[in-house]
A.B. asks: 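Mind having a look at this structure? Questions to follow.
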Amino acid sequence: QVQLVESGGGSVQAGGSLRLSCAASGATVSDYCMAWFRQAPGKEREGVAGIYFGGTSTKYATSVMGRFTIFQDNAKNTLYLQMNNLKPEDTAMYYCAAVSRGKCLLLPLLSLGAVGNWGQGTQVTVSS
């Protein structure tokens, strides 16, 4: 069972950048499909970016395409989310998620139902 711990959140002004990290233990991130989700107050949790096992390909929500980049460092067993040109609407709690290979092949990567393990979240606040 993989354990996930996020870090790197904070407060930035619009147009700024942040890099979120998700350190994994108990399993190897390359054996999973990994993803970032976010949840703003009063809104449903939504998938932001995902990466298939082995880092073979990535998937992004339309709202972040071209601004966010998901990648992983297998040597550090860590998943990252580089967020550039941040907007106030990006303000949310960001969660790291692990999806088993089986579910990754059967379900959309950024669907809530695919996630097997969650991190505790890290807050991102973007001011205008």
Side-chain angles (χ1 to χ4, degrees):
Q1 191 82 314
V2 61
Q3 290 84 46
L4 306 170
V5 179
E6 301 97 331
S7 61
S11 297
V12 295
Q13 290 190 326
S17 298
L18 283 173
R19 177 178 291 185
L20 306 184
S21 300
C22 172
S25 60
T28 304
V29 292
S30 59
D31 288 339
Y32 289 81
C33 294
M34 301 294 295
W36 288 96
F37 287 73
R38 68 185 181 187
Q39 188 167 18
K43 294 188 177 181
E44 293 186 353
R45 192 170 296 189
E46 62 175 355
V48 173
I51 185 167
Y52 287 88
F53 51 84
T56 51
S57 65
T58 56
K59 184 176 179 66
Y60 295 92
T62 303
S63 59
V64 306
M65 206 170 294
R67 301 187 298 121
F68 291 11
T69 303
I70 186 171
F71 61 100
Q72 61 190 48
D73 184 330
N74 292 335
K76 295 182 178 180
N77 210 27
T78 299
L79 178 75
Y80 299 93
L81 184 68
Q82 178 65 42
M83 305 185 295
N84 297 328
N85 191 21
L86 282 160
K87 303 177 180 180
E89 51 263 43
D90 295 319
T91 295
M93 185 71 79
Y94 282 72
Y95 298 91
C96 177
V99 178
S100 68
R101 286 195 178 199
K103 285 193 174 181
C104 183
L105 294 172
L106 293 174
L107 298 172
L109 180 57
L110 299 182
S111 64
L112 289 171
V115 177
N117 302 88
W118 294 98
Q120 84 288 352
T122 186
Q123 178 68 37
V124 172
T125 302
V126 185
S127 58
S128 57

A.B. asks: Would you check if the side chain of E6 reaches a backbone N or O of T122 as a donor-acceptor pair within less than 3.5 Å?
C.D. replies: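 Judged by distance alone, no pair lies under 3.5 Å.
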A.B. asks: Measure across Q120 and L4 and return the closest heavy-atom pair with its distance rounded to 0.1 Å.
C.D. replies: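 Minimum heavy-atom separation between Q120 and L4: OE1-O, 3.7 Å.
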A.B. asks: Could you report the tightest heavy-atom contact between G47 and A61, atom names first, then the distance?
C.D. replies: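 Residues G47 and A61, closest heavy atoms: O-CB, 3.5 Å.
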A.B. asks: Under 3.5 Å, is there a donor-acceptor pair between the side chain of Y80 and the main chain of T69?
C.D. replies: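 No.
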A.B. asks: Stepwise, does the side-chain contact (heavy atoms from CB on, under 4.5 Å) test hold for F53 with S30?
C.D. replies: CA-CA 5 Å; F53 51 84; S30 59; over 6 Å; no
A.B. asks: Hydrophobic clusters here meaning ILVMFWY residues chained together by side-chain heavy-atom distances under 4.5 Å, can you tell me if V48 and V115 are in one?
C.D. replies: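 No.
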A.B. asks: To the nearest 0.5 Å, what is the distance between NZ (K103) and SG (C33)?
C.D. replies: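 If we round to the nearest 0.5 Å, K103:NZ and C33:SG are 12.5 Å apart.
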A.B. asks: About how many Å separate CD1 of I70 and CG of L79, when rounded to the nearest 0.5 Å?
C.D. replies: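 Those atoms lie 4.5 Å apart.
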A.B. asks: Kindly indicate, with the supporting measurements, whether the criterion side-chain contact (heavy atoms from CB on, under 4.5 Å) is fulfilled by W36 and M83.
C.D. replies: CA-CA 12 Å; W36 288 96; M83 305 185 295; over 6 Å; no
A.B. asks: Do V124 and M34 sit in the same hydrophobic cluster, where Ile, Leu, Val, Met, Phe, Trp and Tyr count as joined when their side-chain heavy atoms come under 4.5 Å apart?
C.D. replies: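 Yes; tracing contacts between hydrophobic side chains, which count when under 4.5 Å, links both residues.
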A.B. asks: List in chain and number order the residues that pass side-chain hydrogen bond (donor to acceptor under 3.5 Å, both in side chains) with Y94, two or more places apart in sequence or in another chain; answer none if no residue qualifies.
C.D. replies: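 Applying side-chain hydrogen bond (donor to acceptor under 3.5 Å, both in side chains) to Y94 gives R38.
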A.B. asks: In Å, rounded to the nearest 0.5 Å, how long is the span from OG of S11 to CG of L86?
C.D. replies: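 The CG atom of L86 is 11.0 Å from OG of S11, to the nearest 0.5 Å.
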A.B. asks: Does Q3 reach the main-chain N or O of Q1 with its side chain, forming a donor-acceptor pair under 3.5 Å?
C.D. replies: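 Answer holds: yes.
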A.B. asks: Looking at every heavy atom in both P108 and A114, which two are closest together, and how far apart are they?
C.D. replies: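 Minimum heavy-atom separation between P108 and A114: O-CB, 3.8 Å.
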A.B. asks: Got a second to check how far L20's CG is from F68's CZ, nearest 0.5 Å?
C.D. replies: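 It is 8.0 Å, given to the nearest 0.5 Å.
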A.B. asks: May I ask you to decide if G8's main-chain N or O and R19's side chain share a donor-acceptor pair within less than 3.5 Å?
C.D. replies: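 Not confirmed, R19 side chain does not pair with G8 backbone.
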A.B. asks: Can you see which heavy atom on S111 is nearest to which on L107, and at what distance?
C.D. replies: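 Closest pair (atom of S111, atom of L107, distance): OG-CB, 4.1 Å.
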A.B. asks: Rounded to the nearest 0.5 Å, what separation is found between the OG atom of S100 and the OH atom of Y32?
C.D. replies: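 Between atom OG of S100 and atom OH of Y32 there are 8.0 Å.
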A.B. asks: If I compare all heavy atoms of V12 with all of S17, which pair ends up nearest, and what's the gap?
C.D. replies: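 Heavy atoms only, the tightest pair is CG1-O, 4.0 Å.
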A.B. asks: How many angstroms lie between CZ in R67 and CD in Q82, if you round to the nearest 0.5 Å?
C.D. replies: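 Spacing of CZ (R67) from CD (Q82) equals 12.0 Å.
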A.B. asks: How about V126 and K87: do any of their side-chain heavy atoms sit closer than 4.5 Å?
C.D. replies: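 No, side chains not in contact.
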A.B. asks: Using the rule that Ile, Leu, Val, Met, Phe, Trp and Tyr join whenever any side-chain heavy atoms are under 4.5 Å apart, tell me whether L81 and V29 fall into a single cluster.
C.D. replies: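 Per the 4.5 Å side-chain linkage, L81 and V29 are co-clustered.
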A.B. asks: Among all residues two or more places apart in sequence or in another chain, which pass the ring-ring contact (aromatic ring centres under 6.0 Å, His included) test with Y95?
C.D. replies: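 Result, ring-ring contact (aromatic ring centres under 6.0 Å, His included) vs Y95: none returned.
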A.B. asks: For N85, check side-chain hydrogen bond (donor to acceptor under 3.5 Å, both in side chains) against everything at least two apart and list the hits.
C.D. replies: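 Not a single residue meets the side-chain hydrogen bond (donor to acceptor under 3.5 Å, both in side chains) criterion with N85.
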A.B. asks: Give me the atom names and distance for the closest heavy-atom approach of S128 to P88.
C.D. replies: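 Closest heavy-atom pair between S128 and P88: CB-CG, 3.9 Å.
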A.B. asks: Is it true that L18 and M65 fall in one hydrophobic cluster, defined by side-chain heavy atoms closer than 4.5 Å?
C.D. replies: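 Looking at the clustering, M65 is in the same group as L18.
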A.B. asks: Taking a hydrophobic cluster as the set of Ile, Leu, Val, Met, Phe, Trp and Tyr residues connected by side-chain heavy atoms closer than 4.5 Å, whether directly or through intermediates, do W118 and V99 fall within one such cluster?
C.D. replies: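 Linked, W118 and V99 end up in one cluster.
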A.B. asks: Between I51, N77, T78, which is the residue that forms a side-chain contact (heavy atoms from CB on, under 4.5 Å) with Q72?
C.D. replies: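 The single option meeting the side-chain contact (heavy atoms from CB on, under 4.5 Å) with Q72 is I51.
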A.B. asks: Could you go step by step and tell me if L112 and E44 meet the side-chain contact (heavy atoms from CB on, under 4.5 Å) rule?
C.D. replies: CA-CA 10 Å; L112 289 171; E44 293 186 353; 5.8 Å; no
